[in-house]
Structures are given as structure tokens and as C-alpha cells.
Protein chains: 2
Amino acid sequence: MQIEEAKQKFVQAWGALGSQWGINKTMAQIHALMMLSKEPLSTEEIMEELSISRGNANMNIRELIDWSLVSKVFKQGERRDYFVGEKDVWKIAKQVAKIRKTRELDPILKLLDEIKQIDTDKKDEESKHFQKMVGDVHKLALNVDRLIEGIFKAEESWFWDKILKLFTK
Amino acid sequence: MQIEEAKQKFVQAWGALGSQWGINKTMAQIHALMMLSKEPLSTEEIMEELSISRGNANMNIRELIDWSLVSKVFKQGERRDYFVGEKDVWKIAKQVAKIRKTRELDPILKLLDEIKQIDTDKKDEESKHFQKMVGDVHKLALNVDRLIEGIFKAEESWFWDKILKLFTK
DNA sequence: TTAAACTTTCAAAAACCACTGAAAATTCAT
DNA sequence: ATGAATTTTCAGTGGTTTTTGAAAGTTTAA
């Protein structure tokens, strides 16, 4: 396998992974390209490499900027915009976790909290079971929330070191 | 808020959560209904509660059975099939993690391994950078893999206890 | 064996989502 | 100011996924 082929595979794989994780395929592919390129890339180059339209490239680059995974850079004497992607894989993972937590986990936690308030004095079987299930889900969601919060603050090597030891000890 | 309203909200929320996580909305909603019901449910009851067609109900119930989140039960003297959903939230989470790991993480790990073999002797900057990025992603993916494997074996309270202590100590 | 009860299948329709491409808006150099 | 270069927008198109509903298939009781 040659390097160009390997790059293609990486970009494809990143796109597939992205779409399984709620990230637009093209957005993930653009990000993959940028991870692999030390040099900033222009919209033209991205359109070219992925064979996509200008509109598509533009929209997804902006979305990546919104996610703070890509930033604009200005090239000396050049008029067009160039972009660089975040290359620290740990930072990328944390950033994705942060955004998805805000968009998905936080609202669920809020809702579960609300639902728990309801109907708390009912003593019939149905209500008790409902309370138990909501409570169980809420507990798990809270723990996941704390885990993610912990990850945000953690340094990568420390975190994996501790986790691995947890399971071997 | 009355209990019926609360149930509706829970089912809706579960559906939304599911679709953000690559699980069909209806499939997630059916599972939510089953978590909340102590009694087994029939296809008819599910169609009714969610206002969906028979075909849709049938397909998604079977998918849930494939995921081992729901099982068929036979009701004494009843002809039609009834179904019960897994209610242990930790087991549910582990089961979803297991299936998604097999479908998504494992193939990615395999591919990254393959890609790493390529082009290893090249000494130019581009190749070196490519090798580094692929290696970094691979390392993270391996660690996530080990974490998930650890979770499979862990008992819930033990796991969260250890994790929480990790971050507070 | 028959027929009613029930389940499964699947082609077509509907709903959903991403992409294109060209026009409008913006930026920059002269 | 003017126009060339570049970016942004968005209505329309096209592709994918989900859902429907009715027909085919299966099971059970009599």
C-alpha cells in the first residue's frame, strides 16, 4: 500500500466513524484531511481532494470551526482563506465529548430531574416502578456526566494510566 | 405533571437519545415502553401506544431481540407473542457498548493496524507526520477498547466507586 | 383440513438529510 | 469608485432511511 492509498483509507474511515457518531461524514473527512496535513489547506484544495462542491466544503468547514476543531489562518500575501485542523487526538476527543455532552446529555439530565419530581407520592406498583426506572437511568446519566467532567480536567497519560491500573490491579 | 405525561416524555427522550446514538428512534421508543412496563407487551399494544404500523413495530421488536435487549415470552393460554425489555440499566448500557464496539471500534482498530504497516520506512516529513497521526489515533482507540473491555467485566457499583475516587483523590 | 389469529415480508410512499451550483454578498487591490 | 477574487447562502435536487399497509406465510384450535 502506498501513502496516497493509506491516506485515502484513513479519510474514508474517519468519515465512516464520524457518521456513526452523529458527525456529518463530509465534516469528518475534511477534518481527517486536515489532521494529515501539516500545511494549512484552502477550500479549493479540500473540494479537489474530496470531490465535493464549494457549498458543501464551505458549510462543513464552518461547522468544524464552530466545533473548535479547525481554525482559519492567514497566509502571508495570499488572499484566500486557509484552515488548519487540531491535531492533538486527546484534545479532539475531549472537544467532541464536550459539545455532545452539552447538546445531548445535559438536556436529558434536566428532563430526568423534572420527571423525577412528578408523581412521587403515588404508592401503586406502576408508579413505584416508573420512579425506580427513571431513578436508575438518572443515576447512570449522572455518573457518566461525572466521568466526562473528570476527563475534561484530566491529562491524557495520567487518565489512561489510572484507568488501566483499575482493571489490572 | 401526571404519570401518563411523564411516561410520554420519557419515551420521547429515549427515542431522541437513541437516534443521536445511531439507534433507530422507534426502536429506542419501543425499548423505553418496555422498560416502563412490568408486564410483557404485545405488538398490538406497542402499535397503539406509539401510533405506528404493524410492520414497523414488528421490525423494530425483532431488531431489539437481535440486540438482546428484548425477549419473547409466552403467556399462558394466549396465542399472540408478548415481549419484555431488559430493565437493568447497567446491563443495557453494557450491551449497547458491546454491540457498537464490535460493529464500529473493532473494524477501525483493524484498519489502523493495517495502515500503520504501510510506508514505515519512509523518512520524509510527510510520511513521518502521517505515521505519527495514525499512531496517535491508534493509541487512543486501543485505550478506549481496553476501557470498554474493563467495563464489560466490572460490577456497576465497583466501577463508579473507583472512577469517582480517581477524580477526587 | 379448515379457517381464524397472528406474524412476517417487502414494494411503494413518505420523511429526512446532505449536496450542488449558481446567484448574492463581501473583501481587497488599484 | 470599480471590478476581480473569494466566500456565503440557499432553493432545488438527489440519495438514504424509515414507515406503511397489504399480501403472503405460519401457527393453532377445532
Side-chain angles (χ1 to χ4, degrees), chain A residues 11-12 14-34 40-67 69-85 100 103-104, chain B residues 11-12 14-34 40-67 70-84 100 103-104:
Chain A
V11 171
Q12 292 306 315
W14 208 246
L17 190 67
S19 34
Q20 285 155 342
W21 284 83
I23 287 149
N24 179 297
K25 187 190 74 178
T26 305
M27 182 174 157
Q29 288 181 335
I30 292 174
H31 185 247
L33 271 186
M34 288 183 173
L41 297 175
S42 67
T43 305
E44 300 285 342
E45 289 166 314
I46 289 159
M47 289 165 58
E48 162 96 7
E49 289 242 31
L50 299 177
S51 314
I52 58 174
S53 72
R54 181 173 304 283
N56 195 6
N58 185 269
M59 272 180 26
N60 286 105
I61 291 169
R62 313 191 86 249
E63 188 72 6
L64 281 164
I65 293 174
D66 271 0
W67 283 59
L69 293 174
V70 161
S71 46
K72 238 185 234 197
V73 295
F74 300 93
K75 260 199 176 177
Q76 181 69 317
E78 284 263 16
R79 181 137 161 206
R80 65 177 62 171
D81 290 348
Y82 281 80
F83 306 92
V84 283
R100 297 201 66 188
R103 294 195 188 168
E104 296 162 27
Chain B
V11 171
Q12 292 306 315
W14 209 247
L17 190 67
S19 36
Q20 286 156 342
W21 285 85
I23 288 150
N24 180 298
K25 187 189 73 180
T26 305
M27 180 174 158
Q29 288 182 335
I30 293 175
H31 185 246
L33 271 188
M34 289 185 171
L41 297 175
S42 66
T43 306
E44 300 286 341
E45 290 166 315
I46 290 159
M47 287 165 59
E48 161 98 5
E49 288 243 30
L50 300 177
S51 315
I52 59 174
S53 71
R54 182 174 302 283
N56 196 4
N58 185 268
M59 272 182 25
N60 284 106
I61 292 168
R62 313 189 86 252
E63 188 74 4
L64 281 164
I65 293 175
D66 272 0
W67 282 58
V70 161
S71 44
K72 237 185 235 197
V73 295
F74 299 93
K75 259 199 175 178
Q76 182 68 318
E78 282 264 15
R79 184 137 160 203
R80 64 177 63 170
D81 291 348
Y82 281 80
F83 306 93
V84 283
R100 298 202 66 188
R103 294 196 187 166
E104 296 160 28

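Residue numbers begin at 1 in each chain, while the letters A, B, ... track the order of the sequences.
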Each nucleotide N or O in nucleotides 26-30 of chain D that has a protein N or O under 3.5 Å away: list the pair and distance.
| unit_1 | atom_1 | unit_2 | atom_2 | d |
| --- | --- | --- | --- | --- |
| dT27(D) | O2 | R79(B) | NH2 | 2.8 |

> What residues form a side-chain hydrogen bond (donor to acceptor under 3.5 Å, both in side chains) with E49(A), not counting sequence neighbours?
Replying inline: none

> Rounded to the nearest Å, what distance is computed from the NZ atom of residue K75(B) to the P atom of nucleotide dT7(C)?
Replying inline: 13 Å

> Residues in side-chain hydrogen bond (donor to acceptor under 3.5 Å, both in side chains) with T43(B), at least two apart?
Replying inline: none

>> Taking CD in E48(A) as the centre, count heavy atoms belonging to other residues, nucleotides or ligands within less than 6.0 Å. Is the count above 12?
In response: no

> Which whole-number value in Å describes the distance from N60(A) CG to dC10(D) P?
Replying inline: 16 Å

> Under the salt bridge (Lys or Arg N to Asp or Glu O under 4.0 Å) test, which residues partner R79(B), sequence neighbours left out?
Replying inline: none

> For dT8(D), does either OP1 or OP2 sit under 4.0 Å from a side-chain N or O belonging to N58(A)?
Replying inline: yes

> Among residues 20-29 of chain B, which contact DNA chain D at a heavy-atom distance under 4.0 Å?
Replying inline: N24(B), T26(B)

> Among all residues two or more places apart in sequence or in another chain, which pass the side chain to side chain contact (heavy atoms under 4.5 Å, CB included) test with Q12(B)?
Replying inline: Q8(B), Q29(B)

> Separation of E44(A) atom CD from dG21(C) atom P, in whole Å?
Replying inline: 14 Å

> Whole-Å distance between dC6(C) P and R62(B) CZ?
Replying inline: 18 Å

> To the nearest Å, how far apart are D81(A) CG and dA25(C) C1'?
Replying inline: 15 Å

>> So, using salt bridge (Lys or Arg N to Asp or Glu O under 4.0 Å) as the criterion, who are the partners of E104(A) when residues are at least two apart?
In response: R100(A)

>> Under the rule for salt bridge (Lys or Arg N to Asp or Glu O under 4.0 Å), what residues qualify as partners of K75(B), not counting sequence neighbours?
In response: none

>> Going by the rule side-chain hydrogen bond (donor to acceptor under 3.5 Å, both in side chains), which residues pair with N24(A) if we only count those two or more places apart in sequence or in a different chain?
In response: none

> Of Y82(A) and M59(A), whose closest DNA chain D nucleotide lies nearer the 5' terminus?
Replying inline: Y82(A)

Could you tabulate the donor-acceptor pairs under 3.5 Å formed by side-chain atoms of residues 58-67 of chain B, not counting sequence neighbours?
| unit_1 | atom_1 | unit_2 | atom_2 | d |
| --- | --- | --- | --- | --- |
| E63(B) | OE2 | W67(B) | NE1 | 3.4 |

> Which residues, if any, of residues 46-57 of chain B bring a heavy atom under 4.0 Å of DNA chain D?
Replying inline: S51(B), I52(B), S53(B), G55(B), N56(B)

>> Using the rule given for side-chain contact (heavy atoms from CB on, under 4.5 Å), can you reason through L50(A) versus V11(A), listing the C-alpha separation, both sets of side-chain angles and the distance that settles it, and then say yes or no?
In response: CA-CA 9 Å; L50(A) 299 177; V11(A) 171; 3.9 Å; yes

>> Once salt bridge (Lys or Arg N to Asp or Glu O under 4.0 Å) is applied, do any residues pair with E44(A), and if so which ones, sequence neighbours excluded?
In response: R54(A)

